[in-house]
Amino acid sequence: MGDQPLLACGMAAGPLFTATYLLEGAGRADYKSFRHPVSSLALGPAGWAQTANFLVAGLLSLLFAVGLWRTGPSHWGALLIGVWAVGLLGAGAFRTDPVSGYPVGTPDQLQHPTRVGALHDLFSLIGFLALAVACFVFALSNSPGWALYSTASGALFATTMTLASAAFSQHERWVDLGGLLQRVALTIGWTWQTLLGARVLHT
């Protein structure tokens, strides 16, 4: 595969991932987008759609990492995008545990996380950390505007994702806003990845 299609994969991953989870969330009667995480859409009879969403986004991002390795300004940055991609793949391969009362009838937080749920959380954490650091690595460029945007994206992504994590851990102040905070973080991260792909593609 040529470099341009590989970079285009990275640009397409975010919009496809976002459109899928928005449609899925809108079709679940008891699912509250402001409260519940995107990962919870993988639970229930229609959970296969979000599982596939993670896997497709991970594969597209992995192809993007290859394109960045070949053409991008930073091999370290490309490796970090590859780790982000592996995090997405792992999040798809291992389903999350119920959290914040979804699905209906489950507790807000399990006393003892399952092994599969713990692996989901681990892969997700590794992926999120890798994407945040990648923003700072790719900020090291000759363009002050891009450097500022990339640095701000990394900081805001890390901050909102940390608050979302606190919400899913049932922090009283944030628990009802966990889903919203996570969606803000994902929008920041995916937008940055899309614009990175466009930037590298046109240089």
Side-chain angles (χ1 to χ4, degrees), residues 13-62 82-133 156-193:
L16 287 173
F17 185 86
T18 303
T20 301
Y21 78 64
L22 287 175
L23 288 171
E24 278 292 302
R28 303 281 187 98
D30 299 310
Y31 182 84
K32 299 177 182 177
S33 296
F34 273 34
R35 178 180 173 88
H36 299 133
V38 169
S39 296
S40 291
L41 292 168
L43 302 173
W48 63 268
Q50 181 56 31
T51 295
N53 196 26
F54 275 122
L55 297 176
V56 170
L59 179 59
L60 290 174
S61 296
L62 192 60
V83 174
W84 156 240
V86 171
L88 289 166
L89 292 169
F94 302 102
R95 289 196 310 174
T96 186
D97 286 332
V99 67
S100 296
Y102 186 85
V104 174
T106 59
D108 287 341
Q109 191 171 28
L110 296 184
Q111 288 189 340
H112 303 289
T114 65
R115 182 174 299 179
V116 170
L119 285 171
H120 173 89
D121 291 344
L122 178 61
F123 274 101
S124 297
L125 176 62
I126 291 172
F128 293 150
L129 287 173
L131 183 61
V133 176
L156 289 171
F157 176 81
T159 299
T160 49
M161 196 58 79
T162 298
L163 291 175
S165 179
F168 301 141
S169 297
Q170 307 308 300
H171 189 290
E172 185 176 353
R173 181 176 181 180
W174 303 109
V175 64
D176 287 330
L177 297 174
L180 176 62
L181 289 164
Q182 187 189 56
R183 282 158 175 76
V184 170
L186 289 171
T187 299
I188 292 169
W190 282 126
T191 300
W192 176 83
Q193 177 170 306

Worksheet item: Side chains of Met161 and Leu186: does their closest heavy-atom pair fall under 4.5 Å?
Response: yes

Worksheet entry | CG-OG1 distance between Leu180 and Thr160, expressed to the nearest 0.5 angstrom | 10.0 Å

Practice prompt. Could you go through the side-chain contact (heavy atoms from CB on, under 4.5 Å) check for Ser61 and Trp190 one step at a time?
Written response: CA-CA 10 Å; Ser61 296; Trp190 282 126; 3.7 Å; yes

Worksheet item: Between CD of Gln193 and CH2 of Trp84, what distance do you get to the nearest 0.5 Å?
Response: 7.0 Å

Worksheet item: So, for Phe123 and Val86, which heavy atoms are closest and what is the spacing to 0.1 Å?
Response: CD2-O, 3.7 Å

Worksheet item: Roughly how far, to the nearest 0.5 Å, is the OG1 atom of Thr187 from the CG atom of Leu156?
Response: 12.0 Å

Item to complete: Side-chain contact test, heavy atoms from C-beta onward, threshold under 4.5 Å: evaluate it for Glu24 versus Tyr31 and give yes or no.
Response: no

Worksheet entry | Val83 versus Ala130, closest heavy-atom pair with distance | CG1-CB, 3.6 Å

Item to complete: Could you tell me whether the side chain of Trp192 reaches within less than 4.5 Å of the side chain of Phe157, counting heavy atoms only?
Response: no

Worksheet item: Between atom CH2 of Trp174 and atom CZ of Arg35, what is the distance when rounded to the nearest 0.5 Å?
Response: 15.0 Å

Worksheet entry | Flag side-chain contact, heavy atom, 4.5 Å: Phe54 against Phe17 | yes

Worksheet item: Looking only at heavy atoms, which two atoms of Gly44 and Arg95 are closest? And how far apart?
Response: N-NH1, 4.3 Å

Discussion item. Distance check, rounded to the nearest 0.5 Å: Leu110 atom CG versus Asp97 atom CG?
Written reply: 5.0 Å

Discussion item. Check whether Gln111 reaches the backbone of Gln109 with its side chain - one donor and one acceptor, N or O, closer than 3.5 Å.
Written reply: no

Worksheet item: Do the side chains of Pro98 and Pro103 get nearer than 4.5 Å, heavy atoms only?
Response: yes

Worksheet item: Side-chain contact, heavy-atom cut-off 4.5 Å: Asp121 with Pro113?
Response: no

Discussion item. Tell me the closest heavy-atom pair linking Leu88 and Gly58, and the distance in Å.
Written reply: CB-CA, 3.7 Å

Response to the item:
Between Leu16 and Asn53, the two heavy atoms sitting closest are O-OD1, 3.9 Å

Worksheet item: With a 4.5 Å limit on heavy-atom distance, are the side chains of Gln50 and Ser39 in contact?
Response: no

Item to complete: With rounding to the nearest 0.5 Å, note down the distance linking CG in Leu55 to CH2 in Trp48.
Response: 12.0 Å

Worksheet entry | Heavy-atom side-chain proximity of Asp108 to Val99 below 4.5 angstrom | no

Item to complete: Look at the rings of Tyr102 and His36 and say which category their plane angle falls in: under 30° parallel, 30 to 60° tilted, over 60° perpendicular.
Response: tilted

Item to complete: Provide the closest heavy-atom pair for Leu62 versus Gly82 in the form atom of the first, atom of the second, distance.
Response: CD1-O, 4.1 Å

